[in-house]
Chemist: 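Mind having a look at this structure? Questions to follow.
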Amino acid sequence: MRQILLSLLVSIPLVACSAKETPGHDHAKAASTQEPAAAPPPAPTPHDHAASMAGTRPHADHDARHGGLVTMEGDNHVEVVVGADGAIDLYASDAVRTPIPPKDVTGTITIEPKGKGEKQTLTLAPNDAKGSLSARGPTPDKADYTWDLKVRGAPMKMTLTVPAGGTASLVDAPAEHPAGDHAHGSPHGGVVQSLPGGHVEVKLEKTGDITVWMLDAAEEPRSAKGVTASLRPVVAGAKEVQLAHDEKADVLRGKIDPVKQDHVDGVLSITPAGGTATSLRFAFHLEGHAGAGAGHDGHTGHDGHTGHEGH
């Protein structure tokens with residue numbers, strides 16, 4: 001009996017050791033019996049990276065959230081929506097487009113008709129249900145809308161020419177005509193949009209030079225003679241520029257002050273010879289272009305879109 005107990009006592013440490021690593025332990029065999037390690041998350045593709053940067057990099061995202069036009073001054077953005085019924089809503093956001101509560105914004109908006117009608121200034125009131133500053137103006141019919149705001153104490157004053165029908169009438173076609181895309185065209189490195197019976201191409205350079213080409217349905221050059229047009233860059237303090245016909249080059253030209261921003265929106269009011277007046281919104285991305293304006297999808301080095309007025 002004593003011999004049996006002694007044998008049991010000797011065997012206990014050996015059992016304990018077997019639970020630990022022992023000399024001659026087969027690592028490969030042990031690893032093959034364990035659960036496989038979780039695979040690392042896949043690295044984001046360049047497209048995913050750009051998309052994520054648009055939501056985190058200051059001023060990379062200028063997409064409209066409410067169907068209006070996004071403007072920028074300093075570190076703040078304001079999306080302006082003017083309805084066909086005269087309703088006015090301004091939505092403020094910070095540098096990365098995080099909404100700013102209406103209680104943190106105060107100001108007025110002044111409406112100055114281009115034709116008949118009197119100039120009027122309206123006080124903007126917080127609309128917590130919409131998250132906007134709001135007012136009710138007259139039915140829009142080509143008028144200058146100038147908002148004068150304090151956004152968390154920072155001033156923001158800009159002017160937008162709004163056509164009949166409100167901001168929804170400002171046609172914008174980023175997908176149809178990205179600059180540099182042969183399939184959709186950008187013959188001169190500008191931004192191309194459709195007009196009845198053809199197209200128009202607009203190029204804004206860092207120097208402030210503006211050039212407008214008239215194009216036919218196939219995006220071939222056509223005469224700009226008899227065309228009247230003006231362009232308002234949506235930049236603080238910018239005035240509407242009347243474009244003049246350059247007979248030698250058969251284009252329309254104008255000039256504003258040199259552009260310091262990488263993103264500038266402009267509203268082109270154009271009446272083709274014998275045609276009807278149209279207002280078009282153009283977004284120019286000038287980063288890395290040494291003066292050339294590029295379209296929404298054809299520029300280089302821009303991780304988010306668009307933008308809009310007053311960048």
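In what follows, every heavy atom counts, from backbone to side chain, and hydrogens, waters and symmetry copies are set aside.
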Chemist: Run the side-chain contact (heavy atoms from CB on, under 4.5 Å) test against D104 and tell me which residues pass, sequence neighbours left out.
Modeler: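 Counting only residues at least two positions away or on another chain, D104 forms a side-chain contact (heavy atoms from CB on, under 4.5 Å) with I100, P101, R152.
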Chemist: Look up atom CG in D257 and atom OG1 in T207, then write down how far apart they are to the nearest 0.5 Å.
Modeler: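 If I round to the nearest 0.5 Å, the distance is 11.0 Å.
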Chemist: Going by side-chain contact (heavy atoms from CB on, under 4.5 Å), name the residues that satisfy it together with P138, two or more places apart in sequence or in a different chain.
Modeler: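 P138 satisfies side-chain contact (heavy atoms from CB on, under 4.5 Å) with I111, Q120 once adjacent residues are dropped.
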Chemist: Restricting to pairs with a member in residues 87-127, which pass ring pair (Phe, Tyr, Trp, His ring centres under 6.0 Å), not counting sequence neighbours?
Modeler: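 Of all non-adjacent pairs touching residues 87-127, those that pass ring pair (Phe, Tyr, Trp, His ring centres under 6.0 Å) are H66-Y91.
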Chemist: Is there any ring pair (Phe, Tyr, Trp, His ring centres under 6.0 Å) pair reaching into residues 106-129, and which pairs are they, with sequence neighbours excluded?
Modeler: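 Checked against ring pair (Phe, Tyr, Trp, His ring centres under 6.0 Å) - neighbours excluded - no pair reaches residues 106-129.
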Chemist: Output all residues satisfying side-chain contact (heavy atoms from CB on, under 4.5 Å) with S269, sequence neighbours left out; order by chain, then residue number.
Modeler: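 In terms of side-chain contact (heavy atoms from CB on, under 4.5 Å), with neighbours along the sequence ignored, S269 is linked to K142, S230, E240, S279.
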Chemist: Do the side chain of E219 and the main chain of V192 share a donor and acceptor less than 3.5 angstrom apart?
Modeler: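 Side chain of E219 to backbone of V192: no pair is present.
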Chemist: Return the minimal non-hydrogen interatomic distance between E79 and R65, and the atom names on each side.
Modeler: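 The answer is OE1-N, 2.8 Å.
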Chemist: Does the S134 side chain pair with the main chain of D89, one donor and one acceptor, at a distance under 3.5 Å?
Modeler: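 Not a single qualifying donor-acceptor pair exists.
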Chemist: Are side-chain heavy atoms of F282 and L268 found at a separation under 4.5 Å?
Modeler: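 Sidechains of L268 and F282: in contact.
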Chemist: Is a side-chain N or O of H199 found less than 3.5 angstrom from the main chain of D216, in a donor-acceptor match?
Modeler: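 Yes; judged by distance alone, with no hydrogens or angles, the pair exists.
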Chemist: Are the side chain of R232 and the backbone N or O of K239 linked by a donor-acceptor pair below 3.5 Å?
Modeler: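 Side chain of R232 to backbone of K239: no pair is present.
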Chemist: Do S132 and N127 get their side chains close enough for a donor-acceptor pair, meaning under 3.5 Å?
Modeler: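 Checked: S132/N127 side chains show no N/O donor-acceptor pair below 3.5 Å.
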Chemist: Show, in sequence, the C-alpha distance, side-chain angles and deciding distance for T159 and D144, and conclude whether the side-chain hydrogen bond (donor to acceptor under 3.5 Å, both in side chains) test is met.
Modeler: CA-CA 6 Å; T159 300; D144 284 347; over 6 Å; no
Chemist: Under a 4.0 Å N-O cut-off, is there an ion pair linking D128 with K103?
Modeler: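 A salt bridge is absent here (no side-chain N lies under 4.0 Å from a carboxylate O).
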Chemist: Has E201 got a side-chain atom pairing as donor or acceptor with G189's backbone, closer than 3.5 angstrom?
Modeler: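 Yes.
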Chemist: Are the side chain of D94 and the backbone N or O of T98 linked by a donor-acceptor pair below 3.5 Å?
Modeler: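 Yes, because the side chain of D94 sits within donor-acceptor range (under 3.5 Å) of the backbone of T98.
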Chemist: Check for a donor-acceptor pair, side chain of R222 on one end and backbone N or O of L215 on the other, with a separation under 3.5 Å.
Modeler: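 At least one qualifying donor-acceptor pair exists.
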Chemist: Does K225 have more than 12 heavy atoms from other residues, nucleotides or ligands lying within 6.0 Å of its NZ?
Modeler: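 Not buried by this count: 12 neighbours or fewer within 6.0 Å.
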Chemist: Evaluate the ring planes of H263 and H285, with Trp represented by its six-membered ring, and classify them as parallel (under 30°), tilted (30 to 60°) or perpendicular (over 60°).
Modeler: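 Geometry flag for H285 against H263: perpendicular rings.
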Chemist: Could you check whether atom NZ of K114 has more than 12 heavy atoms from other residues, nucleotides or ligands sitting under 6.0 Å from it?
Modeler: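 Yes, the 6.0 Å shell around NZ holds more than 12 heavy atoms from other groups.
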Chemist: Go through T108 and D148 one step at a time and tell me if the side-chain hydrogen bond (donor to acceptor under 3.5 Å, both in side chains) criterion holds.
Modeler: CA-CA 5 Å; T108 61; D148 191 349; 5.1 Å; no
Chemist: Apply side-chain contact (heavy atoms from CB on, under 4.5 Å) to R253 and list each qualifying residue two or more places apart in sequence or on a separate chain.
Modeler: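 With sequence neighbours excluded, R253 shows a side-chain contact (heavy atoms from CB on, under 4.5 Å) to T211, D246, A249, V251, given in chain and number order.
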Chemist: State, without any angle test, whether D250 and S223 hold a side-chain donor-acceptor pair at a distance under 3.5 Å.
Modeler: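 Yes, S223 and D250 have a side-chain donor paired with an acceptor closer than 3.5 Å.
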